[in-house]
Amino acid sequence: MFTSASRTTSFNWKQTGLALATLALTASPIAALAQSKVVSNVSSAVLKSSSRGPIAPAVDLRVTVWLATHNKAEFDKKVEALYTPGSPTFHKWLTTDELMAYAPTAAEVKQVKEELTRQGLTVIEDGRDNFSIAVHGPAEKVQTVFHTKIEEFEREGKTFHANTTEATFEGESASLVQSVAGLSNIGMKPQIAYVKDPKTGKARAPQPIATAASPDFGFQLYTDECFETPTTFTYGSSGKLPIGVYFGNVYDNTSQLCGYAPVQMQQVYGLPAVYKAGISGQGQTIVIVDAYGSQTIQKDTAVFNSRYELPAFTSSSFKVIYPTGQPLDPALGIAEGWNVETALDVEWAHVIAPRANIVLLAAAGQDDEDLQYAVEYATTHKLGSVISNSYGSPEIEDGQAALNAYNDVIERAAAAGISVNYATGDSGDLGLGSPVGAASVPADSPYATAVGGTSIGIPGGVGSAKETGWGNNQTEIAENPTTPLDPPENFGNVDGAGGGRSVYFKKPAYQQALPGSYRLLPDVSMEADPYTGALVVYSLPSGQPVPVVEAIGGTSLSTPMFSAFWALANQKAGHLLGQAAPILSKLGTSALNDIVPVSSTTNVTGTVIDSSGATFYSADALAAPLEGTTEFFSAVWPIEGYGVDLTFGTDTSLHTTRGWDDVTGYGTPKGLAFITAAAKE
């Protein structure tokens with residue numbers, strides 16, 4: 001069934017991205033040397049970063065050595081049978097003992113540990129299973145053991161280290177090793193998206209929840225507050241040129257937050273009927289994996305649950321586990337936004353499945369080794385029926401070893417009947433200009449369920465609101481009320497759901513009806529647009545006495561919401577349904593909303609009059625570049641005294657269409673109909 005095979009101004013992925021991906025992903029182990037094996041490839045990210053020289057020899061590095069699965073071909077066939085209707089073992093999930101039959105033996109683990117120790121590394125004993133071994137040692141020794149060079153790099157103001165040559169492991173136990181994670185700390189990124197100031201690119205400031213707009217703040221209907229009647233905007237000074245005159249829809253989040261409160265989101269996705277049927281997550285546990293976690297999560301969720309009338313957490317309904325100990329650098333976690341990510345994940349999984357238990361697995365860091373092991377830990381310890389992961393990185397930046405390591409971990413979870421769900425990303429096609437290669441890791445795994453994004457509440461006619469694929473373009477039309485831009489400045493895409501085609505993993509059986517030969521993303525989607533986002537409560541690192549509230553989006557939002565939906569489906573079924581993706585492919589439009597483009601007859605158009613005459617700008621010209629999109633919604637966003645044309649449904653070269661598409665997958669869940677249909681599979 002399953003077989004494997006960000007936009008940037010400083011590096012042109014369109015010209016070199018696919019070639020680099022092909023080079024990295026087709027690098028094969030050194031077959032001629034029986035006791036030597038490639039265990040880590042070179043990330044193509046180093047080619048678009050500035051080297052700061054070799055890593056200091058004494059820097060302590062922690063790496064994870066992943067061991068090879070026993071009888072891998074046999075194991076793959078066994079997992080395939082678990083997901084093949086009509087098979088004698090269909091949905092008869094493997095027990096821990098059955099899984100461990102494919103694990104390296106205790107003797108083999110001991111052999112690898114002794115080999116690593118002989119070569120100068122120190123084994124970290126932290127209760128790991130037989131599939132992985134954590135070790136550490138000075139960078140000088142790590143480079144020697146794995147026959148590679150590691151350098152420090154700088155990219156977009158951040159520093160990281162990475163191996164600059166393929167790493168190999170040599171010795172008597174080399175054949176037992178699958179890959180090594182941790183030679184690079186480029187790390188995963190939380191797939192969280194904010195409403196940004198177009199001029200600065202920075203997220204708008206959140207509001208202290210105690211001083212938010214009104215006593216019932218956050219409970220007004222979003223579309224009543226932020227999408228307004230089409231009107232005319234005139235920019236310019238009387239008697240002076242140029243003058244800009246624009247007419248069209250209006251988007252205004254200047255005087256209030258534009259984000260859905262829990263009760264509204266529940267209504268959007270038909271959940272009141274689900275709860276009325278007695279399905280709200282009882283007996284289910286949702287596992288949420290985040291790097292670093294949040295030191296204020298208990299306080300933040302208490303405020304969120306109280307404010308939005310959700311069940312309060314107890315010591316049994318919400319637990320925080322650190323699978324490898326406390327975070328290595330909590331300050332880095334905050335700098336990377338993981339504290340906000342953690343609040344979003346926990347709060348919005350709780351919104352969708354308010355009676356489900358939640359386990360937050362807080363990894364010690366954001367590197368592959370930390371996050372891979374967290375998923376392995378959740379599977380081994382049978383923590384829940386679904387594992388939600390709101391992070392990722394471009395597939396084209398990773399090598400074969402890293403992709404295989406994630407894929408193996410996720411496959412073992414699928415074999416145990418657990419759905420491992422991943423966000424597909426917030427940068428559309430990553431600047432490739434093509435959906436080919438625009439997939440995100442680990443969402444690209446055929447054993448994972450990939451969650452894309454939508455925009456909800458887009459005006460779709462008199463008295464109606466629609467849901468469409470998430471993608472926002474921006475064009476500045478005026479610097480201030482008296483200064484129109486002549487001509488307007490197209491910023492292009494600023495956010496959009498990730499999707500596209502893997503260049504490594506072959507198409508799984510459940511996607512055989514789709515075009516091509518490789519894994520396609522996403523499988524499903526839910527709300528992700530920060531401009532039609534969800535209200536999240538979190539604490540600022542400054543120690544402000546009350547938490548803040550902010551409208552936030554990203555596939556970081558859609559993923560925990562869908563994971564909670566899947567927990568509801570598991571409750572309805574009364575047993576584990578396993579990976580969601582194969583079931584999603586069979587449900588059809590009776591259970592899934594097929595998301596299609598939303599357009600408007602009053603999209604923004606304008607005329608700029610200067611000394612050369614009048615120039616008319618069509619809706620398409622103002623929304624450019626559209627990259628093949630023909631239907632979208634646009635509105636004037638009067639922000640901070642200047643004017644912006646903001647679009648909805650314009651996601652780079654990815655397109656929302658009827659049927660499966662590379663923005664929204666098969667669509668979004670239809671409440672009780674979805675849960676009932678999924679539970680029957």
Side-chain angles (χ1 to χ4, degrees), residues 1-3 69 75-102 279 281 283-289 349 353 356 359 375-389 406-422 442-451 505 507-512 519 521-524 559-560 562-587 591-592 665-666 669 674-681:
M1 175 177 172
F2 307 110
T3 55
T69 303
F75 182 64
D76 291 344
K77 289 181 179 179
K78 188 175 285 287
V79 177
E80 180 179 6
L82 294 173
Y83 286 91
T84 302
S87 163
T89 58
F90 179 64
H91 281 193
K92 294 181 180 179
W93 312 118
L94 300 190
T95 65
T96 299
D97 287 344
E98 289 172 327
L99 278 172
M100 292 307 292
Y102 295 94
I279 306 167
Q284 300 298 309
T285 299
I286 302 164
V287 180
I288 293 172
V289 174
V359 171
V375 174
E376 183 77 15
Y377 183 95
T379 301
T380 302
H381 291 79
K382 297 184 177 298
L383 296 183
S385 61
V386 59
I387 305 174
S388 187
N389 305 268
Y406 273 112
N407 194 53
D408 287 350
V409 167
I410 300 165
E411 181 182 14
R412 289 193 283 273
I418 301 167
S419 187
V420 188
N421 306 332
Y422 284 96
D444 60 345
S445 168
Y447 299 102
T449 296
V451 187
F505 290 111
K507 183 170 64 176
Y510 59 81
Q511 289 194 329
Q512 289 308 303
R519 171 74 162 117
L521 306 184
D523 299 301
V524 71
T559 301
F562 177 74
S563 295
F565 242 104
W566 201 244
L568 298 177
N570 275 291
Q571 181 192 348
K572 172 66 175 175
H575 56 80
L576 294 179
L577 292 169
Q579 183 194 8
I583 293 177
L584 291 166
S585 67
K586 297 185 288 186
L587 292 185
L592 291 163
Y666 291 105
F674 171 83
I675 290 168
T676 301
K680 291 179 180 178
E681 295 294 333

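A quick note: this is a predicted structure, and the numbers were derived from the prediction, not measured.
Side-chain contact check for Asp523 versus Gln511: some heavy-atom pair is nearer than 4.5 Å. Two residues are said to be in side-chain contact when any heavy atoms from C-beta on lie closer than 4.5 Å; Glu411 and Asp408 meet this criterion. For the pair Phe505 and Asn407, the minimum side-chain heavy-atom distance is below 4.5 Å. Taking 4.5 Å as the limit, every side-chain heavy atom of Ile387 sits out of range of all side-chain heavy atoms of Ile410. Counting heavy atoms from C-beta on, the side chains of Ile583 and Trp566 come closer than 4.5 Å.
The backbone N or O of Pro446 lies less than 3.5 Å from a partner atom in the side chain of Tyr510, making a donor-acceptor pair. Although no hydrogens or angles enter the test, the distance criterion places no donor-acceptor pair under 3.5 Å between the side chain of Thr380 and the main chain of Tyr377. Tyr83 contributes a side-chain N or O that, together with a main-chain N or O of Ala414, makes up a donor-acceptor pair within less than 3.5 Å. Side chain of Asn421 to main chain of Ser388: no donor-acceptor pair is present (N/O by atom type, distance under 3.5 Å, no hydrogens or angles). Gln571 places no side-chain N or O within donor-acceptor distance of the main-chain N or O of Ala356, the cut-off being under 3.5 Å.
How far OH of Tyr102 is from OG1 of Thr69: 10.5 Å, rounded to the nearest 0.5 Å. Separation of atoms CG (Leu577) and CD1 (Ile418) is listed at 13.0 Å; rounding is to 0.5 Å. From Tyr666, atom OH reaches atom NZ of Lys586 across 11.0 Å, with rounding to the nearest 0.5 Å. With values rounded to the nearest 0.5 angstrom, Thr96 atom OG1 is found 3.5 Å from Lys382 atom NZ. Taken to the nearest 0.5 Å, the CG atom of Leu82 stands 11.0 Å off from the CD atom of Gln579. Rounding to the nearest 0.5 Å places CD1 of Ile288 at 9.5 Å from CG of Asn389.
Here the closest non-hydrogen pair linking Leu576 and Trp93 is O-NE1, 2.9 Å. A pairwise comparison of heavy atoms in Gly281 and Leu568 identifies N-CD2, 3.3 Å as the closest pair. Taking both residues in full, the closest heavy atoms of Lys78 and Leu94 are given as CD-CD2, 3.8 Å, listed atom of the first, atom of the second, then distance. In terms of heavy atoms, Ala569 sits closest to Ala679 at O-CB, 3.9 Å. Contact between Ala448 and Pro442 at its shortest, heavy atoms only, is CB-O, 4.0 Å. When all heavy atoms of Phe75 and Ala415 are compared, the closest pair comes out as CZ-CB, 4.0 Å.
The neighbour count for Lys92 NZ, taken as heavy atoms of other residues, nucleotides or ligands under 6.0 Å away, does not exceed 12. Counting heavy-atom neighbours within 6.0 Å of Lys77 NZ, excluding the residue itself, gives a total of 12 or less.
The ring of Phe565 has its center closer than 6.0 angstrom to the ring center of Phe674.
Each of Ser419, Ser563, Pro522 was evaluated against Thr449; a single residue qualifies, Ser419, per the side chain to side chain contact (heavy atoms under 4.5 Å, CB included) test.
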